[in-house]
Amino acid sequence: MSAGKILKTFKEFLTPYEQGEILDYKNIYYIGIGATKVKNYTKDVDNYGFDDDKGDYKLMVADHIAYRYEIVDALGKGSFG
């Protein structure tokens with residue numbers, strides 16, 4: 001599905017950050033409806049709040065990666081888990 005169609009149909013399920021970011025993707029396969037998402041992103045913190053203080057991505061089960069893949073579960077612990 002195109003980003004435009006997703007925004008028209010599912011905008012309420014996307015954070016303000018995602019509503020802008022999604023336009024960079026040609027095809028959308030998954031948007032993580034019902035996932036806990038980083039809602040209060042800010043430029044002043046690591047990667048807009050998507051990373052922790054160590055620079056590791058904050059994993060949110062049921063969220064998406066690049067609007068293509070669903071995060072199902074954590075695999076290991078830390079950077080080299």
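Please read all numbers here as calculations on a predicted model, not as lab measurements.
Contact record, M60 with V38: CE-CG2, 3.8 Å, taken as the closest heavy-atom pair. Residues A66 and H64 come closest through the heavy atom pair N-ND1, 3.7 Å.
Annotation: the span from L59 atom CG to I65 atom CD1 amounts to 7.5 Å, rounded to 0.5 Å.
Y57 and F50 have parallel rings, their planes meeting at less than 30° on a 0 to 90° scale where 60° marks the start of perpendicular.
Through direct or indirect side-chain contacts shorter than 4.5 Å among Ile, Leu, Val, Met, Phe, Trp and Tyr, F13 is connected to M1, I6, L7, F10, L14, I22, L23, Y25, I28, I31, I33, Y67. Other members of the cluster containing Y29 do not exist, because no ILVMFWY side chain is joined to it at under 4.5 Å.
Residue pairs meeting the salt bridge (Lys or Arg N to Asp or Glu O under 4.0 Å) criterion with at least one partner in residues 65-76, sequence neighbours excluded, do not occur; the list is empty. Pairs passing the salt bridge (Lys or Arg N to Asp or Glu O under 4.0 Å) check and including a residue from residues 7-36, sequence neighbours excluded, read E18-K37.
Partners of D52 according to the side chain to side chain donor-acceptor pair (under 3.5 Å) rule, which considers only residues two or more places apart in sequence or in another chain, do not exist here.
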Please step through ring pair (Phe, Tyr, Trp, His ring centres under 6.0 Å) for the pair Y30 and Y69, ending with a clear verdict. CA-CA 6 Å; Y30 183 79; Y69 305 102; 9.7 Å; no

